[in-house]
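One structure below.
All values below come from the heavy atoms of this structure, side chains included, with hydrogens, waters and symmetry mates left out. One-based numbering, in listed order, for ligands and for the atoms of each.
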Amino acid sequence: MARPLTAQISLDALRHNYQLAQHWSASAQTLAVIKADAYGHGAVQAAQALQDLAPAFAVACIEEAETLYQAGIQRPILLLEGFFSAEELPLILARGYWMVIHSHWQLRDLMAFCQAQGVQNLPPIWLKVDTGMHRLGFEPQALDSVIQTLTQQLARPSLTLMTHLARADELDQPMTTQQCSTLLQHPAIAHYPKSLANSAGIMHWPTTHQDWTRPGILLYGASPLPLEHPKTQALRPVMQLTSRLISVREIAAGEAVGYGGRFIATQPTRIGVVACGYGDGYPRQAKEGTPVWIRGQKVPLAGRVSMDLLTVDLTQVPSAQAGDPVELWGQHLAVNEVAQHCDTISYTLLTGLLPRVSRDHVSVLPESTEF
Ligand SMILES: *Cc1c(COP(=O)(O)O)cnc(C)c1O
């Protein structure tokens, strides 16, 4: 029998979540962010599942865009960091990839390339404005001259103005409103489409919706907002990481489990061993008590996660036995809940899943009694 660890990925749930994003920001067009292999879900399969719904996709770099192109994806693809080197420009232009331009050096290199090659027409450009994140983007005071450079040197460039929100997941934080005002009150913006919203913006900040939204994490059914939030409840998990118990044993009070003996039994204890470890991307920093779903209930992680295995306390589930299905996250166990126990966020768990884990793309996720 093959190693039982599998990430099942529901393409129906992905489409459902995309349609929710569209519904929540109905005035905007919804660009599907499928960078980092669609947050670990498989970018080609995600794009194929969404291409009749999404007017465009976004990825981090030309290599990710090429993977989609080679798979026959026809929709426009936005490069979220534009080009890293001017050497990429011939291919970007040949393919018609949309580019974010976020820095003065990019503008200089782009204009120099266009002049040298006699290029007058470029694919759509998204100009990134730094409204407070202080990571990428032109300072608001520079925007007028950047736009002027582009409109003077190119024939009718297609420009969209974008910014990225730093704290939209904090529901009472004034920064999102400030970032919105900085972009929306800028005198240069009247003539151009605008894009501000990530998943948290879509779910909680209507003024960020504007012309284009850019959902990422919500497409995958993991909310940037608290679990109890009603919009979080409406999302469907896309990935279900499942494995099996491969061994069960009894240990006496006082015995320790695993590397470093971190878990010490305070009573006679049933320990189950699950085929999943940090060599698969399951976080080694998972604390004692991190939930794992077995036989219809949450059982606590007991002891350190090792490379291929993790151990759980099955004392409360005396019927559990080797061969039983295990859900690490999915329909019964939100990836966000697991992330909280690991001092991280769902993004790192999903993107951190390693190639050793086989991906199984399905329409609907099976129940935990069926895998
Ligand atoms: C990754 C990314 C997004 C998506 O963010 P989520 O929080 O996953 O919705 C949106 N915009 C930009 C520029 C990004 O890099």
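Checked against a 3.5 angstrom limit, the closest N/O atoms of Ile217 and ligand 1 fall inside it. Below 3.5 Å of separation, one finds no N or O of Arg135 facing any N or O of ligand 1. At under 3.5 Å, not a single nitrogen or oxygen of Lys128, backbone or side chain, sits near a nitrogen or oxygen of ligand 1. In terms of polar-atom proximity, defined here as any N/O pair under 3.5 Å, Tyr347 does make such a contact with ligand 1. For the pair Glu81 and ligand 1, the shortest N or O to N or O distance does not fall below 3.5 Å.
Checking His341 against Glu337 by side-chain atom types alone, no donor-acceptor pair falls below 3.5 Å. With no hydrogens or angles considered, no side-chain donor-acceptor pair links Ser10 and Asp12 at under 3.5 Å. Using modelled atom types, one finds no donor on one side chain facing an acceptor on the other under 3.5 Å when comparing His41 with Arg359. When only modelled atom types and interatomic distance are considered, Thr176 and Arg167 share no side-chain donor-acceptor pair under 3.5 Å. No hydrogens or angles considered: nothing links the side chains of Gln285 and Tyr278 as a donor-acceptor pair under 3.5 Å. For the 3.5 Å distance criterion, the side chains of Arg304 and Ser306 fail to qualify, holding no donor opposite an acceptor.
Under the 6.0 Å cut-off for aromatic ring centres, Phe83 and Trp105 qualify, their centroids lying closer than that. The aromatic ring centroids of His104 and Phe138 lie less than 6.0 Å from each other.
Nearest protein heavy-atom contact of atom 11 (N) of ligand 1 is Arg214 NE, 2.9 Å. Counting only heavy atoms of the protein, atom 9 (O) of ligand 1 lies nearest to Ser199 OG, 2.5 Å. At the shortest separation from atom 14 (C) of ligand 1 among protein heavy atoms lies Lys35 NZ, 3.0 Å. Atom 8 (O) of ligand 1 has as its closest protein heavy atom Tyr39 OH, 2.6 Å.
At a heavy-atom cutoff of 4.0 Å, ligand 1 is contacted by the side chain of His164 but not by its backbone. Of the heavy atoms in Leu80, only side-chain atoms (C-beta onward) come closer than 4.0 Å to ligand 1.
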